[in-house]
Amino acid sequence: MYDSARRDVVPFVPLRPGQVRMYNCGPTVYDWQHIGNLYAYVVADVVRRTFEYAGYAVRQVMNITDVGHIVGDVDEGEDKMEIAAKRERKDPQALAAMYADRFFEDRHKLNIMDPTVVSKATDHIPQMIALIETLLEKGHAYVAADGVYYDVTTFPGYGTRLNPELPEERQAGARIDVNPNKRHAYDFALWRAAKPGDLQQWDSPWGRGNPGWHIECSAMSMAYLGETFDIHTGGEDHLFPHHECEIAQSEGATGKPFVRYWMHVRFLQVEGRGMHKSTGNTYVVSDLEAKGFDPLAFRLMGLNSGYRKPLNFTWRGLEDEQRRLDRWRSAIAGAALSAKATAAADADNVRQAFVAAITDDFNTPRALAVAEDAIALLSSPDRADRSRGLGLLFDIDRVLGLGLAAWCESATAIDDEAKALLAAREGARAAGDYARSDKLRDELREQGYVVKDTKEGQRWERVPVRMKKDS
RNA sequence: GGCGACGUGGCCAAGUGGUUAAGGCGAGGGUCUGCAAAACCCUUAUCGCGGGUUCGAUUCCCGCCGUCGCCUCCA
């Protein structure tokens with residue numbers, strides 16, 4: 001797998017044999033999570049599934065940031081939770097809970113598995129305070145007029161672990177003015193003193209206030225995964241400063257290596273451009289559904305691109321993947337009517353090709369190409385081929401997560417009424433009454449069954465769950 | 001402005017210092033077919049532009065152009 005810290009593909013060796021401990025940087029739940037956010041979690045999900053497929057026990061932790069953080073300038077800036085809370089006239093906790101629920105609903109629509117542990121920032125304020133105290137004791141932090149800051153000069157190599165650029169080469173304050181309370185431009189807040197009117201504030205040894213952004217990930221990852229763990233994922237935007245700060249905080253406090261492998265997901269683009277609220281091209285899962293797409297078509301789209309390259313989201317591209325998903329489902333349902341899946345053999349060359357692809361830094365595009373070989377088996381005249389194809393696909397889908405086995409189960413169930421219509425249609429066809437047979441075909445379509453005529457007679461399958469796409 | 005990365009067929013997208021540059025979608029042709037659908041077969045790329053290294057580069061280096069990200073709190 002590729003490690004952002006080593007900037008190279010390296011073999012994965014777990015800290016504990018047979019176990020993988022992974023932390024996913026979670027969302028700030030002040031609004032809907034758009035498809036770019038969700039994509040990052042699809043990637044994390046594939047990572048988790050890949051390791052489980054390979055036989056590892058995976059402990060996956062994701063945070064929910066329900067504490068607001070500064071949007072603009074450090075001093076004047078407002079906090080996201082505060083803004084949203086005012087906008088929707090809700091208290092921050094209720095707001096966070098609502099958007100967190102929506103986030104999980106969308107994740108489920110994308111077949112993203114729930115992490116082993118979901119940790120909310122507001123539930124871990126004591127752990128954060130304890131960590132800040134340790135940093136103060138060890139001389140890595142200092143108390144200033146408006147909070148507690150981390151002194152980056154006490155941590156050699158700060159800002160260079162995941163970035164080749166030396167901190168002094170960066171232009172501190174390029175985007176915002178440097179806070180005069182800080183000793184060094186790159187010092188970052190561990191604890192911020194409460195400002196009048198702050199909706200979220202807690203008691204601390206340094207007075208009432210709220211935690212800095214970076215500290216929650218250090219505190220919670222250590223709480224659930226230990227001081228050193230295997231994998232930490234996040235978006236490419238987190239390379240600096242967020243993850244550099246986490247390293248400085250965590251290793252500064254423990255004196256031990258923090259994370260063994262860093263993964264950063266390249267941003268999703270829309271029509272080749274950045275996705276920004278200001279340009280109005282951000283989409284959420286329900287936008288896809290409103291246009292008649294199955295959210296899993298979006299998952300498939302995400303799998304079709306490597307996570308280290310930009311994923312170009314286009315409606316046309318989504319249609320492509322929806323078609324592919326429909327074709328897969330159709331082929332699976334068709335094959336399942338006449339063949340039973342046989343467990344994929346370890347030595348099966350298709351399975352081996354799949355393993356080779358997915359263990360090559362989670363090369364899902366290549367894995368999909370392999371899956372196409374299994375799909376091709378489904379239309380073989382040889383029943384054993386079809387059984388093998390089904391078995392391979394269900395096996396492969398443990399990683400892809402497209403819900404193919406569940407689809408197959410629901411797609412091969414038929415009710416008695418439809419059965420009767422099919423029998424009637426068969427009779428009409430045998431009698432050469434095509435007008436009646438076509439009429440029955442339409443009726444079945446309305447009941448949710450697509451009928452196709454093959455040389456072996458009629459074949460039916462469920463109409464895809466989605467509505468008809470717009471033209 | 002600085003740093004990092006990406007730029008492959010009509011679209012999405014793998015990949016490699018040198019045999020035929022994966023796969024999907026679309027398009028065109030064909031087989032099959034009462035119609036429709038499906039399935040199957042065939043066709044559809046010299047890899048952003050300009051230099052350089054090399055016996056040989058799409059793959060390595062440099063420059064340029066375009067796009068994306070970061071430069072204090074956004075996956």
Side-chain angles (χ1 to χ4, degrees), chain A residues 7 24-28 30 33-44 65 68-74 77 79-80 159 162-167 169-176 178-179 182 185-189 192 212-214 233-242 244-245 264-269 272-277 300-301 304-306 308-314 316-325 327-328 330-331 334 357 363-373 376 378-381 429 432 434-435 437-438 441 450-455 459 461:
Chain A
R7 302 171 71 75
N24 307 135
C25 262
T28 303
Y30 65 100
Q33 298 301 305
H34 54 65
I35 56 175
N37 299 34
L38 270 315
Y39 169 56
Y41 301 110
V42 167
V43 172
T65 301
H69 294 289
I70 302 297
V71 183
D73 182 276
V74 170
D79 148 328
K80 288 186 168 171
L162 305 173
N163 301 272
E165 184 183 12
L166 296 172
E169 287 171 341
R170 287 183 180 270
Q171 295 181 359
R175 280 187 9 185
I176 63 118
V178 175
N179 181 333
K182 297 199 281 192
Y186 284 106
D187 289 353
F188 54 90
R192 297 190 308 248
W213 177 41
H214 314 296
T233 73
E236 60 173 319
D237 55 333
H238 283 158
L239 249 4
F240 186 90
H242 185 50
E244 293 285 359
C245 293
H264 291 92
V265 181
R266 190 75 196 258
F267 269 25
L268 171 149
Q269 297 176 22
R273 312 305 297 248
M275 181 171 72
H276 304 289
K277 282 183 180 156
L300 185 54
M301 184 181 216
N304 190 46
S305 165
R308 287 197 286 127
K309 289 200 181 176
L311 163 62
N312 188 14
F313 176 87
T314 63
R316 159 117 190 241
L318 188 60
E319 274 183 42
D320 291 352
E321 298 308 333
Q322 179 74 64
R323 286 204 185 95
R324 167 153 45 174
L325 182 60
R327 180 169 61 78
W328 280 25
S330 173
N363 192 327
T364 48
R366 217 171 100 204
L368 290 183
V370 174
E372 291 290 347
D373 291 339
L378 300 180
S379 56
S380 164
R429 276 175 56 78
Y434 292 121
S437 118
D438 288 353
R441 181 165 62 195
V450 178
V451 183
K452 301 170 180 181
D453 296 311
T454 70
K455 53 256 167 222
R459 221 198 75 196
E461 63 188 62

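Naming convention: chains lettered A, B, ... in sequence-line order (proteins, then strands); numbering from 1 in each chain. Side chains are part of it too, since the values below use all heavy atoms of this structure and drop only hydrogens, waters and symmetry mates. This structure is a prediction, so every number in the text was calculated from the model and none was measured.
- Between Tyr41(A) and A75(B), no base-stacking contact is recorded for ring centres under 5.5 Å apart and planes less than 30° from parallel.
- With a 3.5 Å ceiling on both atom-pair distances, the Watson-Crick or G-U wobble partner of U44(B) is G26(B).
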- Query: Going 5' to 3' along nucleotides 38-45 of chain B, which nucleotides have protein heavy atoms under 4.0 Å from the base (write B), which only from the sugar-phosphate (write S), and which from neither (write -)?
  - Reply: SSS-----
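- Under the Watson-Crick and G-U wobble criteria, each requiring two contacts below 3.5 Å, nucleotide C68(B) is paired to G4(B).
- Across all strands shown, G18(B) forms a Watson-Crick or G-U wobble pair, both distances under 3.5 Å, with C55(B).
- In this structure C49(B) sits in a base pair with G63(B), meeting the Watson-Crick or G-U test at under 3.5 Å.
- Using a 4.0 Å heavy-atom distance criterion, Gly36(A) is classed as a base contact.
- With sequence neighbours left out, the salt bridge (Lys or Arg N to Asp or Glu O under 4.0 Å) criterion links Asp438(A) to Arg441(A).
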- Message: Please evaluate residues Glu244(A) and Leu162(A) with respect to the criterion side chain to side chain contact (heavy atoms under 4.5 Å, CB included), reporting the C-alpha separation (whole Å), side-chain torsions for both, the decisive distance (0.1 Å), and the verdict.
- Response: CA-CA 7 Å; Glu244(A) 293 285 359; Leu162(A) 305 173; 3.4 Å; yes
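- Within the 4.0 angstrom heavy-atom criterion, base atoms lie near His34(A).
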Listing, residues 35-42 of chain A side-chain donor-acceptor contacts under 3.5 Å, not counting sequence neighbours, or none:
{"unit_1": "Asn37(A)", "atom_1": "OD1", "unit_2": "His34(A)", "atom_2": "ND1", "d": "2.9"}
{"unit_1": "Asn37(A)", "atom_1": "OD1", "unit_2": "His34(A)", "atom_2": "NE2", "d": "2.7"}
{"unit_1": "Asn37(A)", "atom_1": "ND2", "unit_2": "Gln33(A)", "atom_2": "OE1", "d": "2.4"}
{"unit_1": "Tyr41(A)", "atom_1": "OH", "unit_2": "Cys25(A)", "atom_2": "O", "d": "2.9"}

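- When the side chain to side chain donor-acceptor pair (under 3.5 Å) test is applied to Asn24(A), the partners found at least two apart in sequence or on another chain are Gln60(A), Thr233(A).
- Judged by Watson-Crick or G-U wobble contacts below 3.5 Å, the nucleotide C73(B) has no partner.
- Comparing G69(B), C74(B), C73(B) by their nearest atom to the side chain of Trp213(A) picks out C73(B).
- For Asp438(A) against G34(B), a side-chain-to-base donor-acceptor contact under 3.5 Å is present.
- Toward the 5′ end of RNA chain B lies the nearest nucleotide of Arg273(A), the other residue of the pair Arg273(A) and His238(A) mapping further downstream.
- Remark: Ser380(A) pairs with Asp385(A) by the side chain to side chain donor-acceptor pair (under 3.5 Å) rule, at least two apart or across chains.
- The salt bridge (Lys or Arg N to Asp or Glu O under 4.0 Å) check on Arg324(A) picks up Glu321(A), Glu372(A), with sequence neighbours excluded.
- Scanning for salt bridge (Lys or Arg N to Asp or Glu O under 4.0 Å) contacts around Lys309(A) gives an empty result, with sequence neighbours left out.
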- Show your reasoning for whether side chain to side chain contact (heavy atoms under 4.5 Å, CB included) applies to Thr364(A) and Val43(A). CA-CA 10 Å; Thr364(A) 48; Val43(A) 172; over 6 Å; no
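- A 3.5 Å limit on both hydrogen-bonding distances identifies U31(B) as the Watson-Crick or G-U partner of A39(B).
- With sequence neighbours excluded, no residue forms a side chain to side chain donor-acceptor pair (under 3.5 Å) with Gln269(A).
- For the pair Pro310(A)/Glu236(A), no side-chain contact is recorded, criterion being any heavy-atom separation below 4.5 Å from C-beta on.
- With distances taken from any side-chain atom of Ser437(A) to the nucleotides G34(B), C73(B), U67(B), the minimum falls on G34(B).
- Along RNA chain B, the nucleotide closest to Val451(A) and the one closest to Ile35(A) are compared, and the more 5′ of them pairs with Val451(A).
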- Query: How does each nucleotide of nucleotides 6-15 of chain B score, in 5' to 3' order, for protein heavy atoms under 4.0 Å: base (B), sugar-phosphate only (S), or none (-)?
  - Reply: SS--BBBSSS
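- Not a single side chain to side chain contact (heavy atoms under 4.5 Å, CB included) links Arg273(A) to another residue, sequence neighbours left out.
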Set out, line by line, the N/O atom pairs under 3.5 Å between protein and nucleotides 28-33 of chain B.
none

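- Distance from the side chain of Arg324(A) is smallest to G24(B) among C68(B), C73(B), G24(B).
- By the side chain to side chain donor-acceptor pair (under 3.5 Å) test, Asp453(A) is found to be paired with Arg425(A), Arg429(A), residues two or more places apart in sequence or in another chain being considered.
- Counting non-hydrogen atoms under 4.0 angstrom, Leu318(A) reaches nothing in the nucleic acid.
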